[in-house]
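What follows is a short report on a single structure.
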Amino acid sequence: MSIDLKGVVKRVGAETHIYETDLTFSPGGFNVLLGATGAGKTTLIKLMAGLENPTEGSVFLNGRHVTRVSPQKRNVSLVHQFFVNYPHFSVYDNIASPLRLAGITRAEIDRRVRETAELMRLTPMLKRRPGELSGGQQQRTALARAIVKDSDLVLLDEPLANLDYKLREELRNELPRLFADRGATVIYATSEPHEALLLGGTTAAMRDGRIAQLGPTAEIYRGPNTLDTAQVFSDPPMNTARVEKRGKEVHLAPGVSWPAAGPIAAASDGVYTFGVRPNLVSPQEEAAAGVKIEGEVLITELSGSESVAHFALTATETPDPWVSQSHGVHPYEIGERRPFFINVSRGLYFDAAGARIAG
Amino acid sequence: MKTENQRAWWLVAPVVLLVAFNALVPLMTVVNYSVQETFGNNQFFWHGVGWFQDVLNSERFHAALGRQLLFTAIILVIEIPLGVAIALCMPKKGFWASVCLVLMALPLLIPWNVVGAMWNIFALPDIGLLGYALNAAGFDYDYTQQPLSAWFTVILMDVWHWTSLVVLLAYAGLVAIPDAYYQAAKIDGASAWKVFRHIQLPKMNRVLTIAILLRFMDSFMIYTEPFVLTGGGPGNATTFLSIDLVKIALGQFDLGPAAAMSLIYFVITLAVSWLFFTLMTRNEAK
């Protein structure tokens with residue numbers, strides 16, 4: 001089922017949760033809504049489900065105008081971040097609940113419940129109640145309730161956020177396949193950029209109640225149109241600094257400059273915002289074009305095979321401390337001043353309005 | 001090196017002392033009286049289980065126990081559903097939620113004997129608002145003369161006084177249910193009754209268990225309000241267990257039978273509370 005939002009606005013009291021938004025997802029695809037907490041993902045999902053009505057604008061499902069149609073008449077499924085199941089029903093009855101309300105024969109219900117339980121590996125737990133299951137099994141039950149319904153539109157609102165790391169990876173790998181087989185349009189809200197990249201499909205990057213950019217996931221990651229999108233799609237956040245282009249050179253700070261190459265080469269002289277992802281800032285000089293810059297280490301984190309350092313640039317002021325994310329274990333000392341190397345060839349440039357300078 | 005001594009017992013001593021003087025010593029005094037007979041002069045004679053047999057065989061006790069059970073049953077049947085219904089109707093947020101909560105809490109803040117005194121005057125057939133209004137409306141109502149009127153008044157008073165507690169507990173259970181459950185039900189197209197039956201009621205399970213237990217114990221031991229309102233009358237119509245107990249212990253000064261009756265009373269309360277609790281929590285234990 002295709003879903004269209006046309007000029008949708010959601011205001012609650014004096015606050016605007018969603019600014020005027022046009023958004024179209026084509027039928028049968030896996031779509032990601034990516035944005036930080038409070039960006040408006042959940043509100044948008046509720047508008048699509050019909051749990052809330054837009055203040056302005058219209059919602060269309062398969063071209064049918066459904067703006068004020070109740071959720072049960074939209075044939076949608078919704079899975080929450082919390083594990084929502086009927087507490088005193090068995091897993092079997094929980095999975096059967098959407099079908100029972102739809103008035104389907106007992107034999108057909110039984111067949112579909114067992115099939116879905118098998119798919120979600122819940123068969124041994126059918127007689128138990130949600131309270132007796134682990135978090136992963138509870139969320140699988142909630143997902144089974146969404147699957148069994150055979151909805152055309154499946155809305156997943158950060159369904160894996162409350163699961164532990166391993167379960168999250170496992171379910172994340174299964175999810176696209178589970179729904180792809182059924183030809184449902186899936187909309188998956190997440191705040192984690194790498195989750196969006198793993199799930200693929202189409203991504204709508206959201207920031208502060210607006211859709212910053214919509215397109216194929218990998219494309220948006222590589223070529224964000226705006227600084228906003230780039231920030232949404234970077235975790236840890238993208239490092240930014242004010243740079244000045246003078247002739248054939250880009251100046252970041254006194255003594256820190258590099259030749260203008262790529263899209264910026266053709267741009268006119270002036271002040272720009274330079275952005276570079278943390279994984280392109282290394283504590284070691286590498287083969288790639290590295291521009292040396294000095295930083296004072298503020299915070300360090302070691303996670304497995306990855307070292308992360310937050311540092312302040314000594315030569316210039318930046319809105320936020322920079323972050324370097326590199327493979328291997330690097331010994332940092334808090335407070336030390338040391339060089340970092342920026343891979344400027346993969347950096348992005350944005351104009352004063354936040355639009356990316358594209359070639 | 002391993003050092004072991006018994007000094008840690010001193011840490012428990014304050015609690016032991018507190019419980020001893022608070023519960024054990026008074027209880028043992030009662031046990032002491034319940035197995036002895038006295039004819040004055042502070043002389044006591046061993047009487048075995050005689051008092052217990054007397055109490056358990058006395059028609060007076062059976063009648064009081066019967067009245068007590070009927071009263072408690074009526075109270076539970078009225079107050080629990082009514083409390084849940086009111087809680088369901090209350091707004092969940094905003095200005096009016098606070099107003100409702102304060103209004104609900106008011107009856108709970110009034111001292112029990114004041115409640116009795118208030119209703120005593122309120123229900124008087126000649127000058128009380130309620131009594132006068134009922135008679136004016138054509139009902140033959142006089143709680144000082146008719147057992148039925150007296151029961152009606154005592155029950156109405158208790159419902160007015162204590163339904164709030166059930167409301168507050170049920171309300172606390174209701175607001176603790178995340179919106180996500182209601183949304184899921186809405187998407188499934190569940191009716192208001194189904195939402196109540198399958199989401200709200202199971203989620204209120206724990207607070208309702210507490211509400212039922214509290215209301216059972218409190219109403220089973222009710223004393224002050226009927227004592228002030230009717231003094232157990234007319235006749236013995238509203239002489240509940242605790243009123244009867246006080247009559248025997250302080251009115252007649254029959255210490256032995258009163259002590260035996262206290263213990264039987266205590267065991268019944270304990271047993272029924274345990275029964276309620278076990279029945280209501282057996283699903284969770286599974």
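Per chain, numbering begins at 1; letters A, B, ... match sequence-line order. Reckoned from all heavy atoms, side chains included, excluding hydrogens, waters and symmetry mates.
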_Using heavy-atom distances under 4.5 Å, tell me whether Arg145(A) contacts chain B through its side chain, its backbone, both, or neither._
side chain
_Engaged part of Lys73(A) at the chain B interface, taking heavy atoms whose separation is under 4.5 Å_ = neither
_Nearest-0.5 Å distance, CD of residue Gln183(B) to CG of residue Leu155(A)_ = 11.0 Å
*Any idea which heavy atoms bring His198(B) and Pro87(A) closest together, and the distance?*
O-CD, 3.7 Å
_Minimum heavy-atom distance between Ser77(A) and Ile187(B), given as atom pair plus value_ = CA-CG2, 4.4 Å
_Distance-minimising heavy-atom pair for Tyr86(A) and Ala185(B)_ = OH-CA, 3.9 Å
*Give the minimum heavy-atom separation between Lys149(A) and Asp188(B), together with the two atoms involved.*
NZ-OD1, 4.5 Å
_Could you report the tightest heavy-atom contact between Phe83(A) and Tyr181(B), atom names first, then the distance?_
O-OH, 3.7 Å
*More than 12 heavy atoms of other groups within 6.0 Å of Phe60(A) CZ*: yes
*Answer yes or no: does atom CH2 of Trp274(B) have more than 12 heavy-atom neighbours from other residues, nucleotides or ligands under 6.0 Å?*
no
*Side chain / backbone / both / neither for Asp157(A) at chain B, heavy atoms under 4.5 Å*: neither
*Kindly check if the number of other-residue, nucleotide or ligand heavy atoms within 6.0 Å of CZ (Phe216(B)) is above 12?*
yes
*Any chance CD of Glu15(A) has more than 12 other-residue heavy atoms, nucleotides or ligands included, within less than 6.0 Å?*
no
*asked:* Does atom CG (Leu148(B)) have a neighbourhood of more than 12 heavy atoms from anything else shown, all under 6.0 Å?
replied: no
